[in-house]
Amino acid sequence: MTAAASAPTIAAIATAIVPQQGSVGIVRLSGADSLAIARTLFHAPGAQPWESHRVLYGLIRDPQTQELVDEGLLLWMQAPRSYTREDVVEFHCHGGMMVVQRILQLCLGAGATLAQPGEFTLRAFLNGRIDLTQAESIADLVGAQSPQAAQTALAGLQGKLAQPIGQMRSACLDLLAEVEAYIDFEDDLPPLDEAAVVRRVGELLAQVQQILATADRGQLLRTGLKVAIVGQPNVGKSSLLNAWSRSDRAIVTDLPGTTRDVVESQLVVAGIPVQVLDTAGIRDTGDVVEQLGVARSRQAAQQADLVLFTVDATQGWTAADQAIYGEVNHRPVILVRNKIDLLATTAAPLSASPGTPEPYPGDLAGVVALAAALNEGIDRLEAAIVATVHQGSVEAANLDFAINQRQAAALSLARQGLEQVQGTIAAGLPLDLWTIDLRGAIQALGEITGESLTESMLDRIFSRFCIGK
Ligand SMILES: Nc1nc2c(c(=O)[nH]1)N(C=O)[C@@H](CNc1ccc(C(=O)N[C@@H](CCC(=O)O)C(=O)O)cc1)CN2
Ligand SMILES: Nc1nc2c(ncn2[C@@H]2O[C@H](COP(=O)(O)OP(=O)(O)OP(=O)(O)O)[C@@H](O)[C@H]2O)c(=O)[nH]1
Ligand SMILES: [K+]
Ligand SMILES: [Mg+2]
């Protein structure tokens, strides 16, 4: 599959369009007419040579009216030495909303077609500059919300996933060729070494397993964690949000029922993007506004990946806590014992505090003691969160890339095919059946890198890109 020679020249704004932001913006063209279109609007004074990979200075004018639109720079990258392997022209103009929009419109007026989301990268893929895993890594890199997520995406962009997948696919193709040769020319060949085939398939399976083990980390890095702080009024939930996010995001008072709405903050914990939700303290209340807030707390807890169940350590675990806990413990729960600074001055020991006949629940994912108002213990909280999310996840052999859900699904199919080969051999079934299972594995591996793919799968993958990428 290659981009047809007749593919239209596409145009898009390549930089973010945010009001008041970005002093420079880029409008990008790709396709055979890029240079011709650019020349209708860009006027380079003096004797500047129009050469590939040279920056030109000039004025951008409306081709119809010759009205001045901007003063800018132009970069032409002649095919195939470009991002898409087509002729690419970039206008580096002034940023903001107006100028880039206007230049884009002028490009469209001069014959370009508005690019679909991901279309530049799709062309880079169709023209063979990158494979599908690298294209997906570009989207991950642009969307990364932590330095670690960006590093992982970069590893993918460098082909760290494409390489082993490609190697495994060609190992399967070699195996298939050998088995097929044996089917065709059995009489002329030495006997097939079944044990060797079984061993090679076993090695491939082990490698598939290792790569599959990166899926959990990939999911965490890409989509992050939603963490809800839940508990009774006044236990210090908002104080915790503020200490953790080093901000005054949430209102804190000594009045129970202070927080009414869900308050969000975005953090990064050990490379994992974390969305923290501070919620209204849960209690029965006659106040209608507070009731609505409490309903939102319950909803936030339902939707969270992890609940930080916060209690006042001087009160211990009360019957009210137990009641709330019953509503949230279908999620992993870390118990946060807040206000430990007050424990030393509390006369009664914890077990004897009023309303704490019971010990903490046994099915907690972790227990952390801290003092939010004093910024004390946040490091321990983060350690407990990291321990919880990595619990039970297999070590991914220190691989620095991480696969996404699509790749994991295809890799599972490849594993299934390879396991079937082993089963078929063990059952003493005919060689024809070995080849069917092997072909299944080859197809699945090819879907990861893009060698075997349907049009609709491509549409699905590239539609999640942003426009101009
Ligand atoms: N101005 C600008 N900055 C940018 C991009 C861009 O398109 N424009 N990029 C886009 O997202 C990224 C850079 N990625 C790029 C990747 C490959 C090629 C490229 O021209 N590759 C050719 C030629 C290499 C060479 O001359 O040796 C190739 O690989 O064939 C350009 C940019 C980030 N910065
Ligand atoms: N001594 C001490 N006081 C704290 C600590 N954390 C919070 N407080 C105090 O406890 C009171 C309630 O804190 P908030 O953060 O508003 O509690 P909340 O759980 O958000 O309360 P609601 O929003 O009403 O449910 C405030 O007076 C805080 O200063 C702590 O670690 N130590
Ligand atoms: K409060
Ligand atoms: Mg609060």
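Values below: all heavy atoms of this structure, side chains included; hydrogens, waters and symmetry mates excluded. Whatever order the structure lists ligands and atoms in, that order sets their numbers, starting from 1.
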With rounding to the nearest 0.5 angstrom, report the OG1 to NZ distance, T214 to K160.
13.0 Å
Protein contact of atom 19 (C) of ligand 1 - nearest heavy atom, named by residue and atom, plus distance:
S82 C, 3.4 Å
Could you check atom 12 (C) of ligand 1 against the protein and tell me its nearest heavy-atom contact, residue, atom and distance included?
K469 NZ, 4.9 Å
Would E90 count as a polar contact of ligand 1, with the cut-off being nitrogen or oxygen pairs under 3.5 Å?
yes
Flag side-chain contact, heavy atom, 4.5 Å: Q266 against P273
yes
For atom 30 (O) of ligand 1, the closest protein heavy atom turns out to be P80 O, 3.6 Å
Any ion pair linking E327 and R331 (charged N to carboxylate O, less than 4.0 Å)?
no
If we only count heavy atoms from C-beta on, is the M98 to R102 side-chain gap below 4.5 Å?
no
Can you tell me if, anywhere in T253, an N/O/S atom lies at a distance from the K ion (ligand 3) that is smaller than 3.4 Å?
yes
Could you identify the single nearest non-hydrogen protein atom to atom 7 (O) of ligand 1 and state the distance to 0.1 Å?
R28 NH1, 2.7 Å
W317 and Y360 aromatic ring geometry - parallel, tilted or perpendicular at 30°/60° bounds
perpendicular
Less than 4.0 Å from atom 33 (C) of ligand 1, is there any heavy atom belonging to the protein?
no
Any idea which atoms of ligand 1 are less than 4.0 Å away from a heavy-atom of I26?
1 (N)
So, D278 and K237, do they make that salt bridge, N to O below 4.0 Å?
no
Whether R260 and D287 form a salt bridge (side-chain N of Lys/Arg under 4.0 Å from carboxylate O of Asp/Glu) is what I want to check.
yes
Contact check, side chains of V336 and L381, non-hydrogen atoms, under 4.5 Å
yes
Less than 4.0 Å between atom 2 (C) of ligand 1 and some protein heavy atom, yes or no?
yes
Does the ring of F91 carry R28 above it, NZ/CZ under 6.0 angstrom from centre and within 45° of its axis?
no
Protein contact of atom 15 (C) of ligand 1 - nearest heavy atom, named by residue and atom, plus distance:
Y83 CD1, 3.8 Å
So which residues, sorted by chain and number, lie with a heavy atom under 4.0 Å of ligand 2?
P233, N234, V235, G236, K237, S238, S239, V252, T253, D254, L255, P256, G257, T258, T259, G281, N338, K339, D341, L342, A371, A372, A373
Distance from atom 26 (O) of ligand 1 to nearest protein heavy atom, with residue and atom:
R81 NE, 2.9 Å
Closer than 4.0 Å and a protein heavy atom, does any atom meet both conditions relative to atom 9 (N) of ligand 1?
no
Between R129 and ligand 1, which part of the residue brings a heavy atom under 4.0 Å of the ligand: side chain, backbone, both or neither?
side chain
All pairs passing ring-ring contact (aromatic ring centres under 6.0 Å, His included) where residues 450-469 contributes a residue, at least two apart:
F462-F465
Any heavy atom of V88 under 4.0 Å from ligand 1? The part involved is neither
Is any N, O or S atom of L255 under 3.4 Å away from the K ion (ligand 3)?
yes
Does atom 5 (C) of ligand 1 have a protein non-hydrogen atom under 4.0 Å from it?
no
Electrostatic pair D459-R464, nearest N-O below 4.0 angstrom
no
What angle, in degrees and rounded to 10°, do you get at the K ion (ligand 3) when you join it to OD1 of N234 and to OG1 of T258?
130°
Could you tell me whether R249 and E264 make a salt bridge, using a distance below 4.0 angstrom between a side-chain N and a carboxylate O?
no
Among T259, T258, N234, find the one that has a side chain to side chain donor-acceptor pair (under 3.5 Å) with T253.
T258
Assess the residue pair L161 and I165 against the criterion (side-chain contact (heavy atoms from CB on, under 4.5 Å)); give the C-alpha distance rounded to whole Å, side-chain angles, the decisive distance to 0.1 Å, and a yes or no.
CA-CA 6 Å; L161 171 61; I165 298 290; 3.6 Å; yes
